[in-house]
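Below you'll find the structure, written out as structure tokens, and then a few comments.
The figures that follow rest on heavy atoms only: side chains count, while hydrogens, waters and symmetry mates do not. The shown structure was predicted, so the numbers you read here are calculated from the model rather than taken from an experiment. We count residues from 1, following the sequence as given.
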Amino acid sequence: MRILHLDRDTRQNLLDELLKRSPNHYGQYEQSVSEILNDVKLRKDAAVFEYTKRFDGAGINASNIRVTKEEIEESYRLTDDSLVQVIRKALHNIRTFHEKQRQTSWFDSRPDGTILGQKVMPLHRVGVYVPGGKAAYPSSVLMNILPAKVAGVEEIVMVTPPGKDGKVSPTTLVAAHEAGADVIYKVGGAQAIGALAYGTESIPKVDKIVGPGNIYVALAKKMVYGHVSIDAIAGPSEILVIADETVNPRYVAADLLSQAEHDELASAILVTTSRELAEDVSKETDKFAKELPRAEIIKKSLDNYGYILVADTMEEAIDTANEIASEHLEIQTKNPYDVMTKIRNAGAIFIGEYSSEPLGDYFAGPNHVLPTNGTAKFFSPLSVDDFIKKSSVVAYSREALEAIHKDIEYFAEAEHLTAHANSIKVRFEKD
């Protein structure tokens, strides 16, 4: 991995490079995605079936687009029981964590007859997108469905692309069934997002779409926002490690590569105050890269977006981490909790040398759907909050309104909204 001294120019150049990975730069695909969405909106099922045949090679129609009970039962027979048990353990941890995020309605009443409050309600129907085809991501299934279940969403609709044989990965189906998906449809890509956003003869329109996907899925979600809500526009995966001279370089190297193996656009960055550690980690990443099966992807990822930055002080390292606002941030220092208190921007924070990032991906409980491309400065991980909505509640008695009605009328008239003022005034007209 390249080793650079951290200064103002280095940091700015790095930020500029990382921004090139943003989904906002996927413009060359926008026309294709827009055409698919418009076609699905117009022709519904017919368009979905045609695109599924073209892109996935699967002959899907109205009679087999929905995963059946028999297919789910078959998925359990095809999945190792030991993996099913691990899925259940992870599910327990994820559910337990998210249950602490629940919100409840509240009301505040006063002696004059005023009642103010907030009514908290789950969304009615949510669509969950799960990548498929050659890959299987049961962990993504759990992370997207369980917060919705905890929130109390009435209907969870999952979509995932089928293989050429028209089947869905058994582990994906097991995870979906364990997590509580109400219905699963065999469709992926931009056409699946269009079906969820607009509705077709087979697939109902949802209120919100969540879940990761490729460039076409990301752009489709961006385009349908407004017709439905979405969680976020996911970019390539990323990790940043803050470390000092006290840590094991082999641990750091292994953690950096855990994200570099995702794809060629993944970002892996070490910021350290130790030149010796920087050199040791660079050597260890080279060793691991030669041994790991996804070596080609790892090499391209590190060549494109892999950096080791040597900072003069820990404060400079922390400032850089806050500026980058990484999806995953590991703190491996002598006093990691002290560093953690100074972190403002990160999707998920992993503290100490035994809190490796994959712990969060699969098992610990916090959600692994995290903000990317610097959006951790203003976005949060997927949570129960993403699956609820709130209504304000206002109730005034005549006595309470009478005490302040002239103030409201005066305020409205100052904005030249006389009908607003009149709406209050008529309630206190002389008989």
Side-chain angles (χ1 to χ4, degrees), residues 11-27 29-30 33 98 101 126-129 131 137 139-140 143-144 147-148 193 208-226 228-242 256 258-260 262-271 301 304-307 309 317-331 340 342-350 357 360-361 366-388:
R11 184 160 77 180
Q12 189 56 53
N13 291 337
L14 174 57
L15 290 169
D16 291 342
E17 280 297 307
L18 294 178
L19 282 175
K20 293 177 182 178
R21 302 155 59 250
S22 169
N24 291 324
H25 293 164
Y26 295 164
Y29 303 99
E30 287 182 352
V33 172
H98 287 82
Q101 298 176 337
V126 167
V128 173
Y129 187 93
Y137 299 103
S139 61
S140 258
M143 293 291 183
N144 281 277
I193 302 302
K208 185 167 187 171
I209 302 172
V210 302
N214 60 18
I215 290 173
Y216 293 94
V217 171
L219 280 176
K221 286 171 68 177
K222 183 178 180 181
M223 290 180 184
V224 301
Y225 178 65
V228 294
S229 179
I230 62 171
D231 51 351
I233 309 297
S237 189
E238 52 199 30
I239 186 171
L240 187 148
V241 180
I242 298 177
L256 292 171
S258 73
Q259 296 307 293
H262 270 293
D263 62 62
E264 297 167 10
L265 294 177
S267 166
I269 300 171
L270 165 64
V271 187
S301 171
N304 292 330
Y305 300 106
Y307 295 88
L309 307 176
I318 293 168
D319 287 345
T320 299
N322 280 325
E323 195 62 33
I324 292 173
S326 185
E327 177 188 19
H328 306 99
L329 171 65
E330 289 189 3
I331 303 173
M340 184 270 289
K342 299 171 185 175
I343 295 297
R344 297 189 307 275
N345 306 319
I349 302 171
F350 300 82
E357 185 278 334
D361 271 353
N367 209 286
H368 78 197
V369 180
L370 303 167
T372 58
N373 281 108
T375 60
K377 291 180 178 179
F378 45 83
F379 280 146
S380 303
L382 190 73
S383 73
V384 171
D385 292 350
D386 287 287
F387 300 99
I388 62 172

Does [X] have any side chain to side chain contact (heavy atoms under 4.5 Å, CB included) partners at least two apart in sequence or in another chain, and if so, which?
{"X": "Ala148", "result": "Val153, Ile156, Phe387"}
{"X": "Ala348", "result": "Phe350, Leu370"}
{"X": "Asn367", "result": "His98, Met143, Pro147, Val369, Leu382"}
{"X": "Asp319", "result": "Arg11"}

Let's go through Lys377 and Arg344 carefully: what are the C-alpha distance in whole Å and the side-chain angles of both, what is the deciding distance for side-chain contact (heavy atoms from CB on, under 4.5 Å) to 0.1 Å, and is it a yes or a no?
CA-CA 8 Å; Lys377 291 180 178 179; Arg344 297 189 307 275; over 6 Å; no
For Tyr307, ring pair (Phe, Tyr, Trp, His ring centres under 6.0 Å) partners two or more places apart
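Once residues adjacent in sequence are excluded, Tyr307 has no partner under the ring pair (Phe, Tyr, Trp, His ring centres under 6.0 Å) criterion.
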Rounded to the nearest 0.5 Å, what separation is found between the CG atom of Leu270 and the CG atom of Leu240?
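Separation between the atoms: 8.0 Å.
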Which distance, rounded to the nearest 0.5 Å, do you find between the OG1 of Thr372 and the CD1 of Ile233?
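Between Thr372 OG1 and Ile233 CD1, I get 9.5 Å after rounding to 0.5 Å.
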Partner residues of [X] under the side chain to side chain donor-acceptor pair (under 3.5 Å) criterion, sequence neighbours left out:
{"X": "Asp385", "answer": "Gln103"}
{"X": "Glu17", "answer": "Lys20"}
{"X": "Ser237", "answer": "Gln259, Glu327"}
{"X": "Gln101", "answer": "none"}

Close side-chain approach of Leu18 to Asn373, heavy-atom, < 4.5 Å
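Counting from C-beta outward, Leu18 and Asn373 never come under 4.5 Å.
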Please confirm whether the backbone N or O of Asp361 pairs with a side-chain atom of His368, one donor and one acceptor, at under 3.5 Å?
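Yes, the answer is positive, given that a donor and an acceptor are paired below the 3.5 Å cut-off.
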Indicate yes or no for a side-chain donor-acceptor contact from Lys208 to the backbone of Asp386 under 3.5 Å, with no hydrogens or angles considered.
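Checking the backbone N and O of Asp386 against the side chain of Lys208, a donor-acceptor pair under 3.5 Å is found.
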